Amino acid sequence: MFKILKEDIEVVFEQDPAARSYLEVILTYSGLHAIWAHRIAHAFYKRKLYFLARLISQISRFFTGIEIHPGAKIGRRFFIDHGMGVVIGETCEIGDNVTVYQGVTLGGTGKEKGKRHPTIKDNCLIATGAKVLGSITIGENSKIGAGSVVLKDVPPNSTVVGIPGKVVVHNGVRVNKDLNHTDLPDPIADRLKELENQVEKLQMEIQQLKEGKAQNEHSAL
């Protein structure tokens, strides 16, 4: 256990250039506090002490802003950067050397039973605000772009962006040249554009009706 806790501290120094000292990391890094609280809560959860496990997780959520269900399985060298708003569901499974950023949700899609949360394989990165939902698998060495919503399995060595998430890089080769991380789809903007086109069409039809009416009145005279 102490070896794992030491690894949790070391990965902070590897991932965060702002980390300056062990004392600073131990006392001020909420992501580290949340992970340590989870490791304790998960140990109670495995012993079927569910109330105590959940109590620890809720206390941790209150102080860190990070919600990790005590049933979630988390591997070694897990790193939460900043962390506010991170949510990890009960049946989520996270491998080794995984990094997540603030606002990430590893959640379900409804009230289904059984395995309903994602499995994140080793060496993955989930960027700010990404939502990975359902009983899906994110393959080894994959990256999920900021703000993406992933609802389907992701193959290993992939980069996913967009809503819904699409693979844009696989094994180092770009596979979707029409989608860039800096130009993510905006469903609200798309809907507004559609409404704008409909309004223009209606205006043209009204203008044509007015012109037809004017011609009829002129012919009647």
Side-chain angles (χ1 to χ4, degrees), residues 1-108 115-134 138 140-150:
M1 175 61 77
F2 286 106
K3 181 180 179 181
I4 294 176
L5 297 181
K6 187 173 184 294
E7 285 181 341
D8 291 335
I9 298 175
E10 291 173 349
V11 75
V12 173
F13 286 99
E14 294 174 10
Q15 298 284 351
D16 188 358
R20 294 180 176 83
S21 68
Y22 280 96
L23 183 63
E24 177 187 20
V25 169
I26 292 171
L27 295 181
T28 67
Y29 273 66
S30 60
L32 182 64
H33 300 158
I35 293 169
W36 281 354
H38 171 73
R39 298 203 188 283
I40 296 171
H42 185 65
F44 285 115
Y45 187 89
K46 289 193 297 184
R47 291 167 175 78
K48 297 185 178 181
L49 299 172
Y50 300 127
F51 174 76
L52 186 56
R54 197 60 189 266
L55 179 63
I56 293 171
S57 71
Q58 289 302 107
I59 292 173
S60 173
R61 176 182 180 274
F62 178 81
F63 284 105
T64 66
I66 299 169
E67 182 172 348
I68 308 176
H69 193 284
K73 299 177 181 178
I74 296 178
R76 299 168 70 171
R77 300 174 61 79
F78 180 53
F79 178 57
I80 302 175
D81 197 2
H82 297 291
M84 180 62 69
V86 168
V87 177
I88 300 175
E90 178 184 13
T91 61
C92 188
E93 299 179 26
I94 300 175
D96 298 334
N97 301 303
V98 172
T99 298
V100 303
Y101 289 83
Q102 68 270 20
V104 166
T105 298
L106 305 179
K115 182 72 167 74
R116 59 193 184 277
H117 299 110
T119 296
I120 314 296
K121 295 292 188 177
D122 297 345
N123 308 310
C124 287
L125 183 148
I126 317 294
T128 303
K131 314 301 178 186
V132 184
L133 307 176
I138 308 300
E140 293 87 349
N141 309 307
S142 291
K143 299 177 182 179
I144 308 300
S148 300
V149 178
V150 184

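Note that the structure is a prediction, hence the values are computed from the model and not measured.
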Chemist: Quick one: are Leu125 and Tyr101 in side-chain contact, heavy atoms under 4.5 Å?
Modeler: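 Touching, per the 4.5 Å side-chain cut-off.
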Chemist: For the backbone of Ser60 and the side chain of Thr64, can you confirm whether one donor and one acceptor N or O come within less than 3.5 Å of each other?
Modeler: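 The answer is yes, because a donor-acceptor pair under 3.5 Å joins these two groups.
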Chemist: Stepwise, does the side chain to side chain contact (heavy atoms under 4.5 Å, CB included) test hold for Trp36 with Leu32?
Modeler: CA-CA 6 Å; Trp36 281 354; Leu32 182 64; 3.7 Å; yes
Chemist: Compare every heavy atom of Ile35 with every heavy atom of Phe78, then report the nearest pair and how far apart it is.
Modeler: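 In this case the closest contact between Phe78 and Ile35 is O-CD1, 3.1 Å.
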Chemist: So, taking the atom named CD in Glu7 and the one named CG in Asn97, what distance separates them when rounded to the nearest 0.5 Å?
Modeler: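 Interatomic distance, Glu7 CD to Asn97 CG, rounded to 0.5 Å: 8.5 Å.
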Chemist: Would you please classify the geometry between the Phe13 ring and the Tyr22 ring as parallel, tilted or perpendicular, with 30° and 60° separating the classes?
Modeler: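 The rings of Tyr22 and Phe13 sit tilted, inter-plane angle from 30° to 60°.
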Chemist: For Asp96 and Arg76, indicate whether the former's side chain and the latter's backbone hold a donor-acceptor pair under 3.5 Å.
Modeler: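 Such a contact is found between Asp96 side chain and Arg76 backbone.
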Chemist: Over all heavy atoms of both residues, which pair between Ala19 and Val25 is shortest? Give the atoms and the distance, please.
Modeler: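 For Ala19 versus Val25, the nearest heavy atoms are CB-CG2, 3.8 Å.
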Chemist: Would you say the side-chain atoms of His69 pair up with the backbone N or O of Gly89, donor to acceptor, closer than 3.5 Å?
Modeler: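 Side chain of His69 to backbone of Gly89, a donor-acceptor pair under 3.5 Å: no, none is there.
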Chemist: State, yes or no, whether a side-chain contact exists between Ile59 and Leu55 at a heavy-atom distance under 4.5 Å.
Modeler: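 Of all side-chain heavy-atom pairs linking Leu55 with Ile59, at least one is under 4.5 Å.
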Chemist: Who are the side-chain hydrogen bond (donor to acceptor under 3.5 Å, both in side chains) partners of Thr119, not counting sequence neighbours?
Modeler: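 Listed in chain order: Lys115.
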Chemist: Side-chain contact test, heavy atoms from C-beta onward, threshold under 4.5 Å: evaluate it for Leu106 versus Ile120 and give yes or no.
Modeler: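 Yes, side chains in contact.
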Chemist: Are Tyr45 and Leu49 packed together at the side-chain level, in the sense that at least one heavy-atom pair is separated by less than 4.5 angstrom?
Modeler: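 A side-chain contact under 4.5 Å is absent here.
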Chemist: Would Lys121 and Glu93 pass as an ion pair if we require N to O under 4.0 Å?
Modeler: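 Result for this pair is no, no salt bridge flagged.
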Chemist: At their closest point, which heavy atom of Met84 faces which heavy atom of Ile66, and how far apart are they?
Modeler: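 Heavy-atom minimum between the residues: N-CG1, 4.4 Å.
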Chemist: Mind checking whether Gln15 and Thr99 have side chains closer than 4.5 Å, heavy atoms only?
Modeler: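 SC-SC contact between Gln15 and Thr99 confirmed.
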Chemist: Is the shortest side-chain heavy-atom distance between Pro70 and His42 below 4.5 Å?
Modeler: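 A side-chain contact is absent here, since even the closest heavy-atom pair is not under 4.5 Å.
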Chemist: Nearest 0.5 Å, what's the CG-OG distance between Leu27 and Ser21?
Modeler: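 Going from CG on Leu27 over to OG on Ser21, the span is 8.5 Å.
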Chemist: When you look at OH of Tyr50, are more than 12 heavy atoms from neighbouring residues, nucleotides or ligands closer to it than 6.0 Å?
Modeler: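 Correct, the count exceeds 12.
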Chemist: State the CD1-NE2 distance between Ile56 and His38, to the nearest 0.5 angstrom.
Modeler: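 So the CD1 of Ile56 and the NE2 of His38 are separated by 11.0 Å.
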Chemist: With heavy-atom distances below 4.5 Å as the criterion, would you say the side chains of Ile138 and Val150 are in contact?
Modeler: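 Yes, their side chains come closer than 4.5 Å.
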Chemist: So Phe79 and Val100, side chain to side chain contact (heavy atoms under 4.5 Å, CB included) or not? Walk me through it.
Modeler: CA-CA 6 Å; Phe79 178 57; Val100 303; over 6 Å; no
Chemist: What's the verdict on salt bridge (charged side-chain N to carboxylate O under 4.0 Å, His left out) for Glu67 and Arg61, showing C-alpha distance, side-chain angles and the deciding distance?
Modeler: CA-CA 5 Å; Glu67 182 172 348; Arg61 176 182 180 274; 2.9 Å; yes
Chemist: Between the side chains of Asn141 and Asn123, is a donor N or O closer than 3.5 angstrom to an acceptor N or O?
Modeler: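 Note: Asn141 and Asn123 side chains meet the donor-acceptor criterion.
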Chemist: Determine whether Ile68 and Ile74 make a side-chain contact, defined as any pair of heavy atoms from C-beta on separated by less than 4.5 Å.
Modeler: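 They are in side-chain contact.
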Chemist: How far apart are the closest heavy atoms of Gly108 and His117, and which atoms are they?
Modeler: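 Nearest pair, atom of Gly108 first, then His117: N-CD2, 3.2 Å.
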Chemist: Under 3.5 Å, is there a donor-acceptor pair between the side chain of Ser30 and the main chain of His82?
Modeler: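 Between the backbone of His82 and the side chain of Ser30 there is a qualifying donor-acceptor contact (under 3.5 Å).
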Chemist: Which of these, Val132, Ile94, Thr105, Val86, sits in a side chain to side chain contact (heavy atoms under 4.5 Å, CB included) with Ile126?
Modeler: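 Of the listed options, the one satisfying the test is Val132.
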Chemist: If you measure from the Lys or Arg side-chain nitrogens to the Asp or Glu carboxylate oxygens, is any gap between Arg39 and Asp8 under 4.0 Å?
Modeler: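 Yes, charged N to carboxylate O under 4.0 Å.
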Chemist: Taking Ala18's backbone N and O only, do any of them form a donor-acceptor pair with Arg20's side chain (distance below 3.5 Å, no angle check)?
Modeler: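 Present.
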Chemist: Does atom NZ (Lys131) have a neighbourhood of more than 12 heavy atoms from anything else shown, all under 6.0 Å?
Modeler: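 Correct, the count exceeds 12.
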